[in-house]
Visitor: 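Okay, handing you the structure first.
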Amino acid sequence: MKFDHLRIARPVSELERSSGMYCRGLGLKKVGEFSDHDGFSGCMLGRDDLSWHLEFTVCHSHPILPSPSQEDLLVLYIPDKIDWHNACARMDDAGFSRLGSFNPYWNNNGVTFVDIDGYRVVLHNAAWGSP
């Protein structure tokens, strides 16, 4: 079985604010959006060079509160130290807050950020698959 794309979908409390944070913090852009489709509005954020994107939604008729746990993580691997430092600075500038990770593994070579809804993003300074 072959998968050619990954979408991570999450309900958010403020669509424009959340999407703006992720665009500024991770260098993503809006790759799609919809408005009041069966009571939902949303947008997809990604980049042409990625095989994944994020989808953020709001439900107008029955608001769904985001309910992430301490272990719901979006982990991004950035092997180059300078690129990693720059990415961390962009996350700070975009309004994400830094916090220690519930799982201490992610505090080694990584920084955990949290958005306005409590979703966590780890920027890990390593290549995928490295020890």
Side-chain angles (χ1 to χ4, degrees):
M1 178 183 326
K2 181 183 181 232
F3 298 104
D4 72 26
H5 198 81
L6 170 70
R7 175 187 289 188
I8 299 167
R10 294 177 168 170
V12 296
S13 58
E14 298 179 50
L15 187 58
E16 289 304 315
R17 185 172 173 201
S18 292
S19 61
M21 286 177 72
Y22 279 80
C23 285
R24 288 188 308 277
L26 296 177
L28 302 176
K29 65 180 182 178
K30 201 175 280 189
V31 296
E33 63 185 316
F34 54 95
S35 181
D36 201 17
H37 181 261
D38 292 331
F40 287 85
S41 293
C43 64
M44 284 71 77
L45 308 176
R47 287 194 328 234
D48 295 338
D49 62 326
L50 300 174
S51 61
W52 59 269
H53 70 267
L54 303 175
E55 176 185 38
F56 295 141
T57 62
V58 293
C59 180
H60 303 292
S61 57
H62 304 299
I64 299 169
L65 296 176
S67 58
S69 78
Q70 296 176 20
E71 276 293 279
D72 287 327
L73 305 173
L74 173 64
V75 179
L76 301 172
Y77 292 80
I78 306 171
D80 182 83
K81 190 78 157 180
I82 293 170
D83 289 344
W84 177 75
H85 276 292
N86 291 338
C88 289
R90 281 193 308 275
M91 294 292 278
D92 291 330
D93 292 343
F96 287 84
S97 299
R98 292 183 185 219
L99 72 160
S101 185
F102 178 73
N103 179 339
Y105 172 81
W106 297 113
N107 295 326
N108 302 320
N109 302 317
V111 175
T112 301
F113 296 89
V114 64
D115 71 14
I116 59 172
D117 289 312
Y119 293 114
R120 295 171 186 228
V121 178
V122 176
L123 298 186
H124 195 63
N125 183 215
W128 166 246
S130 63

Visitor: Does Asn125 use its side chain to pair, donor to acceptor, with the backbone of Gly110 at less than 3.5 Å?
Guide: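 No: the side chain of Asn125 does not pair with the backbone of Gly110.
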
Visitor: Ignoring hydrogens and geometry, is there a side-chain-to-backbone donor-acceptor pair from Trp84 to Leu123 under 3.5 Å?
Guide: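 Present.
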
Visitor: I'd like to check Asp92 versus Arg98 (side-chain heavy atoms, cut-off strictly below 4.5 Å). Are they in contact?
Guide: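 They are in contact (side-chain heavy atoms under 4.5 Å apart), so the answer is yes.
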
Visitor: Report yes if the side chains of Trp106 and Val111 come closer than 4.5 Å at any heavy-atom pair, otherwise no.
Guide: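 Side-chain contact under 4.5 Å: no.
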
Visitor: Out of Asn109, Leu76, Leu73, which residue meets the side-chain contact (heavy atoms from CB on, under 4.5 Å) rule with His124?
Guide: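 With His124 as partner, side-chain contact (heavy atoms from CB on, under 4.5 Å) holds for just one option, Asn109.
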
Visitor: Any heavy-atom pair between the side chains of Ile116 and Arg17 that's under 4.5 Å?
Guide: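 Arg17 reaches Ile116 side chain to side chain.
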
Visitor: Tell me if the CG atom of Asp48 is crowded by more than 12 foreign heavy atoms within 6.0 Å.
Guide: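 No, not enclosed.
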
Visitor: Closest heavy-atom contact between Pro66 and Pro11?
Guide: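 Where Pro66 meets Pro11 most closely, the heavy atoms are CG-O, 3.5 Å.
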
Visitor: Hey, what do you get for CZ (Arg24) to CE (Met21), rounding to the nearest 0.5 Å?
Guide: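 One finds 7.5 Å between CZ of Arg24 and CE of Met21.
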
Visitor: Going through the checks in order, is the side chain to side chain contact (heavy atoms under 4.5 Å, CB included) test met by Arg7 and Met44?
Guide: CA-CA 9 Å; Arg7 175 187 289 188; Met44 284 71 77; 4.1 Å; yes

Visitor: Can you tell if the side chain of Val58 reaches within under 4.5 Å of the side chain of Val12, non-hydrogen atoms only?
Guide: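 Heavy-atom side-chain distance check passes, below 4.5 Å.
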
Visitor: Does Phe34 have more than 12 heavy atoms from other residues, nucleotides or ligands lying within 6.0 Å of its CZ?
Guide: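 Result for CZ/Phe34: enclosed.
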
Visitor: Could you tell me the separation between the SG atom of Cys23 and the CG atom of Leu54, rounded to the nearest 0.5 Å?
Guide: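 Output value for this atom pair is 9.5 Å.
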
Visitor: Hey, would you say the Tyr119 and Phe96 ring centroids sit under 6.0 Å apart?
Guide: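 No, too far apart.
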
Visitor: Could you check if a side-chain atom of Phe113 sits within less than 4.5 angstrom of a side-chain atom of Leu99, using non-hydrogen atoms only?
Guide: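 Of all side-chain heavy-atom pairs linking Leu99 with Phe113, none is under 4.5 Å.
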
Visitor: Does the side chain of Ser41 come within less than 4.5 Å of Leu15's, by heavy atoms?
Guide: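 Answer yes - side chains close enough.
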
Visitor: Is a side-chain donor-acceptor pair under 3.5 Å present for Ser101 with Asn107?
Guide: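 Looking only at side-chain atoms, Ser101 and Asn107 do not form any donor-acceptor pair under 3.5 Å.
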
Visitor: Indicate, with yes or no, if Trp128 and Trp52 share a hydrophobic cluster defined by side-chain heavy-atom contacts under 4.5 Å among Ile, Leu, Val, Met, Phe, Trp and Tyr.
Guide: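 No, because Trp52 and Trp128 fall into different hydrophobic clusters, even though each may have its own neighbours under 4.5 Å.
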
Visitor: Are more than 12 heavy atoms from other residues, nucleotides or ligands located less than 6.0 Å from atom NE2 of His5?
Guide: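 Correct, the count exceeds 12.
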
Visitor: Between Val31 and Lys29, is any pair of side-chain heavy atoms under 4.5 Å apart?
Guide: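 Yes, side chains in contact.
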
Visitor: Salt bridge between Asp72 and Arg120, side-chain N to carboxylate O under 4.0 Å?
Guide: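 Salt bridge between Asp72 and Arg120, a charged N being under 4.0 Å from a carboxylate O: no.
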
Visitor: Just how far is it from atom CZ of Arg10 to atom CD1 of Ile64, taken to the nearest 0.5 Å?
Guide: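 So the CZ of Arg10 and the CD1 of Ile64 are separated by 14.5 Å.
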
Visitor: Would you check, one step at a time, whether the test side chain to side chain contact (heavy atoms under 4.5 Å, CB included) holds for Asp115 with Val121?
Guide: CA-CA 8 Å; Asp115 71 14; Val121 178; over 6 Å; no

Visitor: Nearest 0.5 angstrom please: Leu50 CG to Leu6 CG, how far?
Guide: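 That separation rounds to 10.5 Å.
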
Visitor: Contact between His53 and Leu28 at the side-chain level, heavy atoms closer than 4.5 Å - yes or no?
Guide: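 They are not in side-chain contact.
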
Visitor: Quick check for you: to the nearest 0.5 Å, what is the distance between Ile78 atom CD1 and Asp83 atom CG?
Guide: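 One gets 7.5 Å once the value is rounded to the nearest 0.5 Å.
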
